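This structure is a prediction, so every number in the text was calculated from the model and none was measured. Chain identifiers are assigned alphabetically (A, B, ...) following the order of the sequence lines, protein sequences preceding nucleic acid strands; residue numbering begins at 1 within each chain.
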Amino acid sequence: MKPQTIKPSIPKGTRDFNPEEMLRRNYIFDTIKVVFQKFGFLPIETPAMENLTTLLGKYGDEGDRLIFKILNSGEFFEKAIENNNNLKTSKEILPFISEKALRYDLTVPFARYVVMNKNNIAFPFKRYQIQPVWRADRPQKGRYREFYQCDVDIIGSNSLLNELELIQIIDEIFTKLNIPIVIKLNNRKILTAIADFIGESEKITDITVAIDKIEKIGVEKVIEELVTKGISEKAIKLLKPFFELASKNLTSKKLIAELQKILQNSEIGQEGLTEISTIYNYLENIDCKADVEFDITLARGLNYYTGAIFEVKAKNIEFGSICGGGRYDDLTGIFGMPDVSGVGVSFGADRIYDVLNELKQFPESGNTSTKLMFVNFGEKEEIFCLKLLQQIRNAGINSELYPEHAKMKKQMSYADNKKIPFVALVGESEMLENLITLKNMKTGEQKNVVVEEVIEILK
RNA sequence: GUGGUUGUAGCUCAGCUGGUUAGAGCAUCAGAUUGUGGUUCUGAGGGUCGUGGGUUCGAAACCCAUCAUCCACCCCA
């Protein structure tokens with residue numbers, strides 16, 4: 001019988017990363033991590049899977065659909081139909097066959113973590129978390145089914161200084177990564193006020209989702225969409241002044257002033273506007289390179305946001321948002337810990353990678369980590385090299401010895417291929433004189449030196 | 001979940017309205033060059049043409065199905 005072979009493949013929307021890609025990814029993660037720590041955030045990790053009940057209902061209907069469910073183990077199917085033989089739809093069967101799921105984001109697991117560990121946490125709690133999340137979405141440009149989020153959140157503090165700090169973190173990270181960005185800022189309270197103002201409080205989600213598209217599809221199409229969602233004509237009429245304000249390109253200050261007039265009778269609206277202007281007042285006292293733009297069309301779909309919302313877009317490039325977040329006043333409430341407010345943002349590492357790639361903004365170096373390779377001339381020589389190699393490694397220089405006594409050409413090609421900048425040749429003559437022939441692979445020049453000099457040159 | 005695109009060598013692709021042995025570049029390996037890579041020259045290996053069925057004397061090409069892919073919508077990092 002023929003041994004059966006399977007065509008190797010990986011699931012849709014997932015990727016392998018080769019060493020070159022990993023070095024670049026780590027450059028992103030390291031940059032982000034360093035800034036997080038600089039602002040006093042501490043790392044945590046949570047499991048890849050959560051109880052399904054922890055996740056369901058937190059991301060809206062669409063979100064629920066996109067959660068990867070994990071099948072129960074054992075005879076789950078028999079058990080499920082034993083007691084309920086009238087189960088028909090997958091939605092009905094779901095709770096009987098699945099009770100775990102892959103995490104959809106890092107914020108909800110974080111809320112769960114906070115509640116479970118509330119007695120051991122000193123509030124306000126500043127944590128960061130860099131882990132993959134999974135979404136059963138159709139993959140396309142900039143969209144994967146498995147991708148890394150880098151979350152920073154501060155929970156247990158209502159202060160708007162936290163919002164400011166997040167803006168500073170965003171600014172610093174993208175400055176370090178050399179990506180010009182614009183930070184868009186809005187407040188859910190303002191959106192709520194607008195929905196109230198036009199008399200369609202119930203439809204706030206539909207309204208925000210539609211408004212969010214204004215830049216993409218234009219006012220006309222947005223109105224069309226609102227009509228199909230059942231928003232009254234009267235309401236749409238009332239909504240128009242807001243569209244006009246949005247498309248006028250006013251400065252953030254002016255826009256706040258205009259909205260304060262229109263929404264003067266809305267308590268929640270005034271609250272939101274005060275929050276925005278407080279953040280802008282803070283911003284005047286710090287140095288911020290990114291543009292921070294107040295944009296009333298910014299909505300964000302996740303329905304747990306209650307205050308400030310953020311979104312970051314790279315300039316000069318058509319791409320989805322590379323960072324987003326906001327304030328949530330009651331995410332912990334559902335786990336039995338009410339009235340704890342948190343605010344945070346999430347950096348999409350994979351999208352940042354794609355942006356850096358398209359902008360050709362990855363730093364040159366860091367293609368390889370090896371700085372020096374010893375050519376292997378044979379048994380006697382490789383033993384002789386071991387001591388030198390250890391000495392050089394102990395000096396903190398990444399180095400390796402070619403593990404086979406292969407042809408010179410092969411070994412040199414290996415070094416060249418791996419972009420190793422220096423090669424050490426230690427053969428019979430070098431051994432006699434206790435010298436190393438150090439070759440610079442870029443210039444091709446080579447000289448005879450002692451170990452100490454090698455260390456000095458490569459340091 | 002809806003609509004469209006593309007599947008040919010490890011990679012990027014060519015292959016005319018169906019015609020005999022399916023090509024190129026890059027990569028790989030070997031040699032020119034036994035202690036010198038990246039340049040050059042010579043040669044070699046590598047393909048069930050995504051899969052299954054159909055039309056035909058004849059299919060990589062046409063038809064149907066299926067799977068995969070990428071893109072757009074929805075939504076989002």
Side-chain angles (χ1 to χ4, degrees), chain A residues 2 5 7-15 18 28 32 59-67 90 104-107 130-151 170 205-206 208-210 212-213 216-217 221 225 298-303 310-314 318-326 344-355 373-378 381 402 405-431 437-446 448:
Chain A
K2 255 200 230 162
T5 58
K7 204 175 171 189
S9 66
I10 54 175
K12 192 201 290 272
T14 66
R15 296 151 302 156
N18 65 32
I28 295 171
I32 289 173
Y59 313 105
D61 287 346
E62 185 71 13
D64 283 356
R65 216 194 69 203
L66 299 178
I67 293 171
S90 352
Y104 178 89
D105 72 353
L106 300 178
T107 309
I130 298 177
Q131 288 190 275
V133 303
W134 294 268
R135 295 184 188 177
D137 214 347
R138 276 235 183 139
Q140 55 185 277
K141 191 182 180 190
R143 174 171 307 184
Y144 308 99
R145 285 184 148 182
E146 178 184 58
F147 61 96
Y148 271 73
Q149 289 195 327
C150 314
D151 270 38
I170 292 169
T205 315
D206 289 336
T208 52
V209 166
D212 192 31
K213 290 183 208 157
K216 211 168 167 186
I217 60 176
K221 285 259 166 82
E225 186 169 328
L298 171 62
R300 310 229 82 232
L302 296 181
N303 55 12
F310 307 94
E311 191 163 283
V312 177
K313 286 200 164 159
E318 234 356 273
F319 219 88
S321 61
I322 50 181
C323 176
V345 291
S346 179
F347 293 78
D350 305 79
R351 285 190 175 176
I352 292 172
Y353 183 99
D354 291 342
V355 168
M373 186 197 85
F374 279 83
V375 169
N376 189 327
F377 281 96
E381 291 89 343
Y402 195 86
H405 174 208
K407 279 184 187 154
M408 185 73 140
K409 184 184 167 95
K410 181 153 187 174
Q411 300 193 40
M412 293 300 281
S413 304
Y414 170 84
D416 188 53
N417 217 306
K418 213 169 156 183
K419 297 196 173 76
I420 298 172
F422 288 92
V423 165
L425 299 132
V426 183
E428 226 172 319
S429 53
E430 284 90 349
M431 278 167 69
T437 299
L438 185 69
K439 173 165 177 141
N440 182 327
M441 291 294 278
K442 207 162 191 180
T443 62
E445 96 192 90
Q446 53 189 67
N448 292 325

Regarding [X], tell me which of base, sugar-phosphate or nothing describes its non-hydrogen contacts under 4.0 Å with the strands shown.
X: Gly444(A); value: base
X: Cys323(A); value: sugar-phosphate
X: Gly427(A); value: base

What nucleotide, of [options], holds the atom closest to the side chain of [X]?
X: Lys141(A); options: rG37(B), rC74(B), rC71(B); result: rC71(B)
X: Arg351(A); options: rA72(B), rC76(B), rU36(B); result: rC76(B)
X: Lys213(A); options: rC75(B), rA77(B), rU36(B); result: rC75(B)
X: Met412(A); options: rA72(B), rG37(B), rC76(B); result: rG37(B)
X: Met408(A); options: rC74(B), rU36(B), rC76(B); result: rU36(B)
X: Arg65(A); options: rG1(B), rU36(B), rG37(B); result: rG1(B)
X: Leu425(A); options: rG37(B), rU36(B), rA77(B); result: rU36(B)

Determine whether any donor atom in the side chain of [X] lies under 3.5 Å from an acceptor atom in the base of [N], or the reverse, and answer yes or no.
X: Arg138(A); N: rU2(B); answer: yes
X: Ser429(A); N: rG35(B); answer: yes
X: Asp416(A); N: rG37(B); answer: yes
X: Gln411(A); N: rG35(B); answer: no

#### Entry: Under 4.0 angstrom between Lys313(A) side-chain N/O and rA77(B) OP1 or OP2
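Answer is no, no contact under 4.0 Å.
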### Query
Quick one: is Gln140(A) getting a side-chain N or O under 4.0 Å of the rA72(B) phosphate, OP1 or OP2?
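For rA72(B), OP1/OP2 do have a side-chain N/O of Gln140(A) under 4.0 Å.
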## Note on the structure
Those residues at least two apart in sequence (or on a different chain) that pass ring pair (Phe, Tyr, Trp, His ring centres under 6.0 Å) with Phe422(A) are none
### Message
Among residues at least two apart in sequence or on other chains, which ones pass ring pair (Phe, Tyr, Trp, His ring centres under 6.0 Å) with Phe147(A)?
### Response
none
Return the value, rounded to whole Å, for the distance between atom [atom1] of [X] and atom [atom2] of [N].
X: Arg15(A); N: rC70(B); atom1: CZ; atom2: P; value: 10 Å
X: Asp137(A); N: rG1(B); atom1: CG; atom2: P; value: 12 Å
X: Met373(A); N: rU36(B); atom1: CE; atom2: C1'; value: 10 Å

### Task
For atom CD of Glu428(A), decide whether the heavy atoms of other residues, nucleotides or ligands shown that lie under 6.0 angstrom number more than 12.
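Atom CD in Glu428(A) is not crowded, with 12 or fewer foreign heavy atoms closer than 6.0 Å.
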### Message
Using every non-hydrogen atom in the two residues, find where Asp137(A) and Arg145(A) come nearest and quote the distance to one decimal.
### Response
O-NE, 2.7 Å
### Query
Can you give one letter per nucleotide of nucleotides 26-33 of chain B, 5' to 3': B if a protein heavy atom sits under 4.0 Å from the base, S if only from the sugar-phosphate, - if neither?
--S--S--
